[in-house]
Structures are given as C-alpha cells and as structure tokens.
Amino acid sequence: MVDDLDILKSTTLADLETLRDEASWEALRVRTLGKSGWLTQQLKALGPLAPDERRLRGAALNQVRDALNAAFAQRKKAIESDLLAAQLEAERVDVTMPVARREDGLLHPIHQTIDEMIDIFGGMGFGVAEGPDIESQWHNFSALNTPEHHPARTEHDTFYLPRPRADAPEPVLRTQTSGVQIRTLLSNAPPLRVIAPGRTYRADHDATHSPMFHQCEGIVIDRDITLAHLKFCLIAFLRAFFDKPDLPVRFRASYFPFTEPSMEVDIGWSRKTGNIGAGEDWLEVLGAGMVQPRVLANCGVDPEVWQGFAFGMGVERLTMLKYGIPDLRSFYESDLRWLRHYGFSAFETHIPGKGV
C-alpha cells in the first residue's frame, strides 16, 4: 500500500514541475491536498484499517503530505519569481535611448496678455488687486456714481442673480472690475496704485463681444495727482505693451459716471493694413479719467486731500490687436489647433522688452 503512495507522490511532483502559472498550481494543490483531494481521501480511509496497519499507513501518509506541502510551497515561490522576472523583462527601459518628446502645453493668449499688463504696470509700482465675480449693486454701480436709471443697470446689459433674501437687492455678475477698486479704497488708506485684471460679464455676444470677457482696470490715489500723471502712465503703458516707443496716442473727451473729466484713449493705426502705430487713422483702446470726487467720498476718502485717476481696458481687445486675432469668439472655443497657433510657451519670455 505504501508503493501506491510513492507512485502518487512522484506523479504529483512531476506534474508540479510542469506548472508555469498560479492558477494551474492552485488547481493541482486542490486535487492533491484539498478537502476532496486524493491525499485527504486516503487519510479519511484509515478508519476501517487494523490498528497496526492504520499506524503504518498514517505515518506514510503524513510523510507524503509534509513532502508535498514543502514541494508546493517551493514551486509557488519559483512560479512567482519567474513571473516577476518576465514582468521586469517586459517592462525593461533602455535609459540610453532618447525620450519621446511630448507636446508642451501652451499659455492662452488671454493669460499671456494679463501677465504682460501686470509686468508693465508692476514696473510703475502698481500692485494687483482681486475681488469676487459676484458683486453687490452698491460695489458695482452705486459707489461708482452710476444712478439707478443708468442703461448699464438694465437686464439687457447686466446679469442679475436671485436675491439672497427677500428684502435684499439682487446681486450681479460684475460688469467691470471697478468694484475691486472700490473694495481696495474701502480696505486700504491712500496713497495707493493698483490694477484689477479679471473676468467680467455682460449680456452681449457677437464677433466682437462675449457674455464673459476680461478687463484690466487701474486706479491711482495720491496727493496732487493731475491729468499729466494719467497721460504719462497710459502713454508709457501702451508704448511698452505694443513695443513701439514712438506709438501715437490721442486723448478725446468722453463721459463716464465715475470719472470727471473723462476721456477715450486712441492709438495710431492703419485701417487698410491693421498695422499698429502706422497710418493716418485712430483706434480707441481704453477709457480713463480723473476719479469723480463722489466716488472717493463714497469710499471714505476726502476728495479735498486726495485725488486720483482711473482707467480700464478690455484684455481681449488688446490681445486681438497685438497678436492679429480676428474673432473674439475663438478665444473660448477650446480649439487646440487655434491654441497651438496663438498660444505661448510657458518656458519662454514674451514680455515686451525682455526678449522672445
């Protein structure tokens, strides 16, 4: 009877050496040592045997079981080692080979232009201020001397949001970043000079207007500020931004509720060719003026002591002019082909006067 155990043991060990994966190993282990395996069945069959025969047979079965358990454990380690070696070989990387180049991401022209504005105005001592996209009507209109009957307050121009409570006025999506200037005046004592670039929202959409767009507004408050300071600041900015030291700049009288006097700022260009700084034509690029005394008073600043000027410009408009982008809507269409053409590398400098 012992001979049959030797045959079963040798057969199992031979089968075990042929296994190359864990699933086959587990299947053989169950057939041999599992609850219904042949060795377990042999152990269950010891009961009817005579005591001496049962003792001899049981000892032989235990020896076979111990040997098979050791063999199965050893073979499992070998299989795992072989599988790991095969995986490492399959995943081998030749570190001497050149790396496949991935296409770099690009900065959107809007971000590039805002970075340029921050850099140029930063050189003049301006800080950068930020504020919420959802504004109160007081910050967006009333504090800026914009009366309730002004057309800018109509739903045709402004996005109104649900009231936070029944007795509260409707908040708005800010139509300009001037509200950031108001918040800055309320929280900081003059003198100050800041710009406020950011998203703004108006109910308008065509080839030259978008319901969401970007503005960069600025304000300077100090003693004895005059129009001469305003003109020098904006002329210097425009000539640096367009990288044209002799860029013609013109100031025209205009009207804004929050400045007095107010003016539009034009630059020289050619209507035929679109070239900036060349030709007999003029192109409006931003608005500006001396801060209305009522605006200063609304923010707790004494207009008899402090004066200032403010300005605002559309980021998309200046970007289109500088980089020859014909349609405003393409800024927001998420077209990677467009971005690859007009985008900017994050690893190169494109600030005017700092190389390309």
Side-chain angles (χ1 to χ4, degrees), residues 1-112 115 130 132-134 199 212 330-350:
M1 295 178 66
V2 176
D3 292 339
D4 67 324
L5 295 181
D6 292 336
I7 295 173
L8 290 172
K9 174 183 174 183
S10 60
T11 301
T12 300
L13 292 175
D15 292 341
L16 192 59
E17 290 300 319
T18 65
L19 303 182
R20 296 291 181 269
D21 59 81
E22 293 184 359
S24 301
W25 177 90
E26 179 63 15
L28 181 59
R29 188 195 66 80
V30 170
R31 290 200 306 272
T32 304
L33 302 173
K35 292 183 179 180
S36 300
W38 66 261
L39 186 60
T40 305
Q41 296 302 318
Q42 292 292 328
L43 288 169
K44 291 180 179 179
L46 292 176
L49 299 179
D52 292 340
E53 185 179 359
R54 184 168 61 248
R55 185 172 59 256
L56 293 174
R57 181 72 173 177
L61 285 170
N62 287 333
Q63 290 179 357
V64 171
R65 181 179 60 188
D66 293 342
L68 290 178
N69 279 330
F72 270 96
Q74 183 178 359
R75 186 57 190 158
K76 184 175 184 180
K77 289 182 179 180
I79 291 174
E80 291 175 345
S81 178
D82 291 343
L83 291 175
L84 178 59
Q87 181 181 359
L88 292 175
E89 181 63 29
E91 297 177 357
R92 181 187 296 272
V93 176
D94 185 354
V95 295
T96 65
M97 292 291 289
V99 177
R101 180 175 175 80
R102 291 186 177 183
E103 189 170 0
D104 294 332
L106 297 172
L107 292 177
H108 195 282
I110 291 293
H111 296 155
Q112 172 64 25
D115 286 346
E130 297 180 338
D133 286 19
I134 299 175
R199 288 185 295 268
M212 188 283 291
S330 58
F331 282 106
Y332 313 111
E333 291 177 347
S334 301
D335 188 335
L336 286 178
R337 297 169 300 175
W338 182 89
L339 183 58
R340 292 188 186 106
H341 180 76
Y342 288 108
F344 294 83
S345 170
F347 303 102
E348 298 179 8
T349 301
H350 300 276

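Computed from heavy atoms alone, side chains included, the values below leave out hydrogens, waters and symmetry copies. This one's a predicted model, so the numbers in the text were calculated from it and none came from an experiment.
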Closest approach of [X] and [Y], non-hydrogen atoms and distance?
X	Y	answer
His108	Leu339	CA-CD1, 3.9 Å
Leu19	Trp25	CD1-CA, 3.3 Å
Leu107	Ser345	CD1-O, 4.4 Å

Once rounded to the nearest 0.5 Å, what's the spacing between atom [atom1] of [X] and atom [atom2] of [Y]?
X	Y	atom1	atom2	result
Glu333	Trp338	CD	CH2	9.0 Å
Ile110	Phe331	CD1	CZ	4.5 Å
Thr11	Leu16	OG1	CG	12.5 Å
Leu68	Leu13	CG	CG	5.5 Å
His341	Leu106	NE2	CG	12.0 Å

Contacts of Arg20 meeting salt bridge (Lys or Arg N to Asp or Glu O under 4.0 Å) (sequence neighbours excluded), chain-then-number -> none

What pairs with [X] under side chain to side chain donor-acceptor pair (under 3.5 Å), at least two apart in sequence or on another chain?
X	answer
Asp335	Arg337
Asp66	none
Glu26	Arg29
Asp21	Ser24

Only distances under 3.5 Å count here; give the side-chain donor-acceptor pairs of residues 84-95 to other protein atoms, sequence neighbours excluded, each with its distance to 0.1 Å.
from: Gln87; atom 1: NE2; to: Glu91; atom 2: OE2; distance (Å): 3.3
from: Glu89; atom 1: OE1; to: Arg92; atom 2: NE; distance (Å): 3.4
from: Glu89; atom 1: OE1; to: Arg92; atom 2: NH2; distance (Å): 2.9
from: Asp94; atom 1: OD1; to: Thr96; atom 2: N; distance (Å): 3.0
from: Asp94; atom 1: OD1; to: Thr96; atom 2: OG1; distance (Å): 2.5
from: Asp94; atom 1: OD2; to: Thr96; atom 2: OG1; distance (Å): 3.3

- Message: If you apply the rule side chain to side chain contact (heavy atoms under 4.5 Å, CB included), what do you find for Thr12 with Phe72, and how did you get there?
- Response: CA-CA 10 Å; Thr12 300; Phe72 270 96; 4.1 Å; yes

Next item on the list: Return yes when atom NE2 of His111 has more than 12 non-hydrogen atoms of other residues, nucleotides or ligands closer than 6.0 Å, and no otherwise.
Entry: no

For Glu130, the side-chain contact (heavy atoms from CB on, under 4.5 Å) test, sequence neighbours excluded, returns none

Contacts of Arg31 meeting side-chain contact (heavy atoms from CB on, under 4.5 Å) (sequence neighbours excluded), chain-then-number -> Ala27, Leu28

Residues 69-79 vs side-chain hydrogen bond (donor to acceptor under 3.5 Å, both in side chains), sequence neighbours excluded, gives none

